[in-house]
K.L.:
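Dropping the structure in here first, questions after.
Fair warning: this is a prediction, and the values are worked out from it, not measured in the lab.
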Amino acid sequence: MMTIKEYAMNGQIKPGLRIIDSHAHLGDGEQGALYIKTLPAAESVRLSKRIGINAMVASSLKALYGGAPAGNERMMEMTRLFPGYVYASIFYDPHYHDECISQIEKYKEDPGFVGVKIHPRETHTCIATADYDRLYKYCIDNDILVACHTWETEPANNPADYFPVMDRFPQLKLQLCHMGGTYRGCIDSINLANKYKNVYLDFNGSLYSQIWIEELIKEAPIEKFVFGSDQTFNDPRIMVGRVLMADFDDEIKQKLLAENFEKIIGRKLV
């Protein structure tokens, strides 16, 4: 039987392979800072399906750029436009605490809701402060995953600052998006995941740290790693290709691409 890599080398996705993009962004043509132009949601979905992604967990670009309440409502609308394919990570902005918590409370039992996304740089709120504590307490009480943008060279987003946070909230389920971006950030993220039971690693960071995925996954338990593309800021074909063409067993690839994330959130998406 052909392997995932052999299928990929022939321009195909191996039948039965499941891919969940746990770190995506969707919008309605909002201008993105790192990509030429944000793809319309329907185009993002079309491209993702074409390259074998079976589901995406996305947060709202409108919410990211200052319009959290309206962006979150639009994100939930997208889960209805693309049911069973688009899932929402509701954006939390500490400046809109009551509104955002009300939205999470409203949708936490909705099948389209998967977790919460925070972006300290864009909300001008450092993860080293206590400004997110109310959210963390709420998410622990409700068993909700928090996905956080991390980047070692951005003072608000340095993953190393999560050590005292996790000391205060060791039960928090935390996904480190980008794994801190830089090589140093990647190492700090790995150390966090190895120290704290509920810290998980979005290995999209391998794009920036220039650590090969084959080497990266040796540094922490394989169950700690989840797949994310960071679309639409990044072309999702890049990260999908890096995993499909990697030199390790298909069983590990399937864990990285879907199974690990489903275990973390406690439900099957695909």
K.L.:
Looking at Lys253 and Glu259, is any side-chain nitrogen of the basic one under 4.0 Å from a carboxylate oxygen of the acidic one?
P.N.:
no

K.L.:
Any side-chain heavy-atom pair from Arg267 and Val114 closer than 4.5 angstrom?
P.N.:
yes

K.L.:
With a 4.5 Å cut-off on side-chain heavy atoms, are Ile19 and Ile51 touching?
P.N.:
no

K.L.:
Go through the side-chain N and O atoms of Asp202 and His23 and say whether any donor and acceptor fall under 3.5 Å apart.
P.N.:
yes

K.L.:
Just jot down the ring-ring contact (aromatic ring centres under 6.0 Å, His included) partners of His124, sequence neighbours excluded, or say none.
P.N.:
none

K.L.:
Should the ring pair His149 and His178 be called parallel, tilted or perpendicular, given that the plane angle runs from 0 to 90° and is split at 30 and 60?
P.N.:
perpendicular

K.L.:
For the residue pair Tyr92 and His97, is the inter-centroid distance of their aromatic rings smaller than 6.0 Å?
P.N.:
yes

K.L.:
Going hydrophobic residue to hydrophobic residue with side-chain gaps under 4.5 angstrom, can you get from Ile20 over to Ile4?
P.N.:
no

K.L.:
Once rounded to the nearest 0.5 Å, what's the spacing between atom CG of Asp110 and atom OH of Tyr87?
P.N.:
10.5 Å

K.L.:
For Phe113, does the six-membered ring have the charged nitrogen or CZ of Lys108 within the cation-pi criterion, i.e. under 6.0 angstrom from the centroid and within 45° of the normal?
P.N.:
no

K.L.:
Please examine the side chains of Val226 and Leu257, heavy atoms only from C-beta on, and report whether any two atoms are closer than 4.5 Å.
P.N.:
no

K.L.:
Using modelled atom types only, decide if a donor and an acceptor are shared between the side chain of Asn204 and the backbone of Ser229 within a distance under 3.5 Å.
P.N.:
yes

K.L.:
Is the backbone N or O of Glu154 less than 3.5 Å from a side-chain atom of Asn158, with the two atoms forming a donor-acceptor pair by type?
P.N.:
no

K.L.:
Counting distance only, does the side-chain N/O of Tyr85 pair as donor-acceptor with the main-chain N or O of Ile53 below 3.5 Å?
P.N.:
yes

K.L.:
Are a donor atom and an acceptor atom from the side chains of Ser44 and Gln231 found within less than 3.5 Å of each other?
P.N.:
no

K.L.:
Counting only N and O atoms by type, is there a donor-acceptor contact under 3.5 Å from the side chain of Asp93 to the main-chain atoms of His95?
P.N.:
yes

K.L.:
Taking atom types as modelled, is there a side-chain donor on Gln171 or Tyr136 under 3.5 Å from an acceptor on the other?
P.N.:
no

K.L.:
Considering non-hydrogen atoms only, spot the tightest contact between Asn191 and Phe163 and give its length.
P.N.:
CB-CZ, 4.0 Å

K.L.:
To the nearest 0.5 angstrom, please state how far the CD atom of Glu122 sits from the CG atom of Leu64.
P.N.:
5.0 Å

K.L.:
Using a strict threshold of under 4.0 Å (side-chain N to carboxylate O), is an ion pair present between Arg80 and Glu77?
P.N.:
no

K.L.:
Quick one: do Arg18 and Glu262 make a salt bridge, cutoff under 4.0 Å?
P.N.:
yes

K.L.:
Can you tell me if Lys224 uses its side chain to pair, donor with acceptor, with the backbone of Val199 under 3.5 Å?
P.N.:
yes

K.L.:
Is there a side-chain contact (heavy atoms from CB on, under 4.5 Å) between Ile213 and Val243? Walk through the geometry before answering.
P.N.:
CA-CA 8 Å; Ile213 296 176; Val243 181; 4.1 Å; yes

K.L.:
Okay, side chain of Asn234, backbone of Asp230: is any donor-acceptor separation there less than 3.5 Å?
P.N.:
no

K.L.:
Locate the shortest heavy-atom distance separating Pro221 from Asn194; write the atom from each residue and the value.
P.N.:
CD-OD1, 3.3 Å

K.L.:
Treating Lys5 as the side-chain partner and Asp247 as the backbone partner, does any N or O pair qualify as donor plus acceptor under 3.5 Å?
P.N.:
no

K.L.:
Between Ala42 and Phe82, which heavy-atom pair has the shortest distance, and what is it?
P.N.:
CA-CZ, 3.9 Å

K.L.:
Verify the distance criterion only: is there a donor paired with an acceptor across the side chains of Ser189 and Tyr200 at less than 3.5 Å?
P.N.:
no

K.L.:
For Asp250, is there an ion pair with Lys255 - N to carboxylate O distance below 4.0 angstrom?
P.N.:
no

K.L.:
Nearest 0.5 Å, what's the CD1-OG distance between Ile265 and Ser22?
P.N.:
9.5 Å

K.L.:
Can you see whether Glu223 engages Asn260 through a side-chain donor-acceptor pair at a distance of less than 3.5 angstrom?
P.N.:
no

K.L.:
Is Val240 reachable from Met179 through a run of hydrophobic residues whose side-chain heavy atoms are each under 4.5 Å from the next?
P.N.:
yes

K.L.:
Say whether, by atom type as modelled, one donor and one acceptor occur between the side chain of Thr125 and the main chain of Thr123 under 3.5 angstrom.
P.N.:
yes

K.L.:
Could you walk me through whether Asn157 and Tyr162 pass side-chain contact (heavy atoms from CB on, under 4.5 Å), step by step?
P.N.:
CA-CA 9 Å; Asn157 303 286; Tyr162 260 120; over 6 Å; no

K.L.:
So with a 6.0 Å cut-off around CD of Gln12, is the heavy-atom count from everything else above 12?
P.N.:
yes

K.L.:
Should Trp151 and Arg121 count as side-chain neighbours, where that means a heavy-atom distance under 4.5 Å?
P.N.:
no

K.L.:
To the closest 0.5 Å, what do you measure between SG (Cys100) and OH (Tyr138)?
P.N.:
11.5 Å

K.L.:
Would you say the rings of His119 and Phe91 are close, in the sense that their centroids are separated by under 6.0 Å?
P.N.:
no

K.L.:
Indicate whether the side chain of Ser59 and that of His25 have a donor and an acceptor atom separated by less than 3.5 Å.
P.N.:
yes

K.L.:
Would you mind reporting whether Arg242 and Ser206 have side-chain heavy atoms less than 4.5 Å apart?
P.N.:
yes

K.L.:
Quick test of your reading of the model: are Arg184 and Glu152 salt-bridged, counting only N-O distances below 4.0 Å?
P.N.:
no

K.L.:
Okay, side chain of Glu99, backbone of Pro69: is any donor-acceptor separation there less than 3.5 Å?
P.N.:
no

K.L.:
Quick check: does any side chain N or O of Asn142 sit under 3.5 Å from a backbone N or O of Ile144, one acting as donor and the other as acceptor?
P.N.:
no

K.L.:
Looking at Leu269 and Phe261, what are the two nearest heavy atoms and their distance?
P.N.:
CD1-CE2, 4.1 Å

K.L.:
Testing the basics here: between Val86 and Met78, what is the closest heavy-atom pair and its distance to 0.1 Å?
P.N.:
CB-O, 4.0 Å

K.L.:
Find out whether Ser60 and Leu26 are in side-chain contact, i.e. whether some heavy atom of one side chain is under 4.5 Å from a heavy atom of the other.
P.N.:
no

K.L.:
Give, for atom CD1 of Ile252 and atom CD1 of Ile217, the distance between the pair rounded to the nearest 0.5 Å.
P.N.:
5.0 Å

K.L.:
Rounded to the nearest 0.5 Å, what separates atom OG1 in Thr3 from atom CZ in Phe248?
P.N.:
12.0 Å

K.L.:
Before accepting this row, confirm whether a basic side-chain N of the pair Lys137/Asp141 lies closer than 4.0 Å to the acidic partner's carboxylate O.
P.N.:
no

K.L.:
Using side-chain heavy atoms (C-beta onward) and a distance below 4.5 Å, is Asp133 in contact with Phe169?
P.N.:
yes

K.L.:
Strictly by modelled atom types, are Asp167 and Tyr196 linked by a side-chain donor-acceptor pair under 3.5 Å?
P.N.:
yes

K.L.:
Quick one, Tyr208 and Thr182 - any side-chain contact, counting heavy atoms below 4.5 Å?
P.N.:
no

K.L.:
For the residue pair Gly180 and Thr150, what are the closest heavy atoms and their distance?
P.N.:
N-OG1, 2.9 Å

K.L.:
Quick one: hydrophobic cluster around Met9, which other residues, with the 4.5 Å side-chain cut-off, linked directly or via members?
P.N.:
Met245

